[in-house]
Number of protein chains: 2
Amino acid sequence: MATENCSNMLEEHGIRPTPNRVLVAQALCHAARPLSMSELENTIGSIDKSNIFRTLTTFRQHGLVHAIEDGDGVRYEICHSHDCESDDDLHAHFFCEVCRKTYCITSTELPQPTIPQGYKVNSLNYILKGVCPACNKG
Amino acid sequence: MATENCSNMLEEHGIRPTPNRVLVAQALCHAARPLSMSELENTIGSIDKSNIFRTLTTFRQHGLVHAIEDGDGVRYEICHSHDCESDDDLHAHFFCEVCRKTYCITSTELPQPTIPQGYKVNSLNYILKGVCPACNKG
DNA sequence: CATTGTTCTGCAACCTGGTTGCAATGCTGG
DNA sequence: CCAGCATTGCAACCAGGTTGCAGAACAATG
């Protein structure tokens with residue numbers, strides 16, 4: 001996504017589009033998969049990890065990104081939900097144990113288990129672990 | 001589970017039943033829910049965390065326990081699978097964000113998403129986060 | 001344009017969970 | 001009993017995540 005568009009996207013979510021924030025948003029938009037703090041740090045190269053952490057916290061508070069816990073830390077992806085309150089952009093994720101990347105499984109809806117009485121569910125995390133097609137060759 | 005039974009259980013899995021290992025196995029059997037390394041350390045009180053770590057690693061290698069990543073670290077539970085190879089004891093887990101405990105959702109089968117071509121799945125982790133019934137009162 | 005208060009940022013320090021190296025101890029088989 | 005391997009506790013380490021702080025950037029106001 002172009003710098004301009006990312007800047008607008010931030011403003012639409014009530015986030016002031018500082019240069020660093022635009023860089024983080026661009027990195028997330030450009031990646032086809034969720035990125036961890038350190039992946040973002042390496043990709044961008046010019047921003048301190050504490051700032052990336054605070055930027056992602058801000059993004060999350062404004063419903064711009066999802067946090068995904070894939071057993072290898074936390075990764076973030078742009079939330080494509082039509083309505084960030086209802087968070088209808090849920091899907092499973094696949095963590096490759098070889099290349100240690102996390103992919104979105106968008107081919108299928110996130111299957112919802114039956115929740116017993118009394119539990120209040122705030123978020124879902126469905127992680128599959130194994131070997132991705134790229135690493136599975138040969 | 002009694003000391004005697006735990007000891008047998010270890011031997012059935014090809015694990016030498018040292019006193020410490022029996023303590024860890026008992027703690028896991030006695031708890032109705034998966035426990036983290038530090039929960040085990042606190043519950044048992046007499047065993048060093050590095051030893052608990054190595055004990056759990058051994059248990060896992062012998063198919064005695066599952067590791068569950070619930071976004072709050074790793075927790076372990078006795079694997080009740082009939083056949084540890086096929087690992088048919090899969091179920092979702094619920095992490096309470098208030099008391100920070102993890103519960104098993106055994107009321108329902110773990111729903112399986114459709115996996116795209118080429119991915120080799122080794123394990124599944126389905127975590128729901130929210131507030132458990134005990135913390136949800138009042 | 002200068003001033004002031006808030007926001008953003010980088011750096012360094014910290015914390016916690018997980019992991020490893022090592023030396024001492026305990027156990028097992030000859 | 002002895003040699004050799006398994007088990008253990010301790011201390012150190014590591015990485016990801018988090019916080020405190022002080023300076024830089026910014027927006028608003030007179």
Side-chain angles (χ1 to χ4, degrees), chain A residues 6-7 10-11 13-28 34-62 64-76 95 97 100-102 125 127 129, chain B residues 6-7 10-11 13-28 34-62 64-76 95 97 100-102 125 127 129:
Chain A
C6 276
S7 182
L10 293 181
E11 288 185 327
H13 283 80
I15 303 166
R16 187 160 14 143
T18 70
N20 279 348
R21 285 172 180 167
V22 172
L23 283 177
V24 173
Q26 275 186 286
L28 287 172
L35 300 180
S36 66
M37 269 181 49
S38 57
E39 284 170 341
L40 282 166
E41 212 184 339
N42 294 334
T43 304
I44 301 174
S46 62
I47 315 183
D48 184 76
K49 71 169 177 169
S50 68
N51 195 15
I52 291 184
F53 172 71
R54 286 188 266 235
T55 299
L56 290 169
T57 303
T58 303
F59 284 6
R60 212 171 1 165
Q61 285 167 348
H62 289 77
L64 178 59
V65 300
H66 283 154
I68 297 139
E69 284 143 2
D70 59 10
D72 185 52
V74 184
R75 283 186 163 83
Y76 301 86
F95 175 72
E97 292 162 336
R100 310 191 72 74
K101 289 178 185 164
T102 297
N125 258 275
I127 307 296
K129 303 181 85 168
Chain B
C6 275
S7 183
L10 292 181
E11 288 185 328
H13 282 81
I15 303 166
R16 188 161 12 145
T18 70
N20 279 349
R21 284 172 181 168
V22 172
L23 282 176
V24 173
Q26 274 186 286
L28 287 173
L35 299 179
S36 66
M37 269 181 50
S38 58
E39 284 169 339
L40 282 167
E41 211 183 342
N42 294 334
T43 304
I44 301 175
S46 61
I47 315 184
D48 184 75
K49 72 169 178 168
S50 69
N51 194 16
I52 291 183
F53 172 72
R54 286 188 267 234
T55 298
L56 291 169
T57 303
T58 302
F59 285 6
R60 214 172 0 165
Q61 285 168 347
H62 288 77
L64 178 61
V65 300
H66 282 154
I68 297 138
E69 284 144 3
D70 59 10
D72 185 51
V74 183
R75 283 185 164 82
Y76 300 87
F95 175 73
E97 291 162 337
R100 310 191 73 75
K101 288 178 186 164
T102 297
N125 258 276
I127 307 295
K129 303 181 85 169

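Each chain gets a letter, A, B and so on, in the order its sequence line appears, and its residues count up from 1.
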For B:Q61, what residues pass the side-chain contact (heavy atoms from CB on, under 4.5 Å) criterion, not counting sequence neighbours? B:T57
Calculate the interatomic distance between A:R60 atom CZ and D:dT18 atom C1'; express it in whole Å. 12 Å
Between B:I15 (CD1) and D:dA6 (P), how many Å, whole number? 15 Å
Sorted by chain and number, sequence neighbours left out, salt bridge (charged side-chain N to carboxylate O under 4.0 Å, His left out) with B:D48 holds for none
So, using salt bridge (charged side-chain N to carboxylate O under 4.0 Å, His left out) as the criterion, who are the partners of A:R16 when residues are at least two apart? none
Grab the CD1-C1' distance between B:I52 and C:dT20 for me, whole Å please. 17 Å
Could you state the atom-to-atom distance from CD of B:E69 to P of C:dG17 in whole Å? 16 Å
Does B:S38 use its side chain to pair, donor to acceptor, with the backbone of B:E41 at less than 3.5 Å? no
Distance in angstrom units between B:D72 CG and D:dG16 P, rounded: 18 Å
Along nucleotides 7-13 of chain D, 5' to 3', which nucleotides get a B, which get an S, and which get a -, given that the test is a protein heavy-atom distance under 4.0 Å? SBBBB--
Rounded distance (Å) that lies between atom P of C:dG10 and atom CG of A:L23: 10 Å
Rounded to whole Å, how long is the line connecting atom CZ of B:F53 with atom P of C:dT19? 4 Å
Expressed as a whole number of angstroms, how long is the span from A:Q61:CD to C:dC8:C1'? 15 Å
Report the residues that fulfil salt bridge (charged side-chain N to carboxylate O under 4.0 Å, His left out) with B:R21, sequence neighbours left out, ordered by chain and then residue number. none
Sequence-distant partners of B:E69, salt bridge (charged side-chain N to carboxylate O under 4.0 Å, His left out), two or more places apart: A:K129
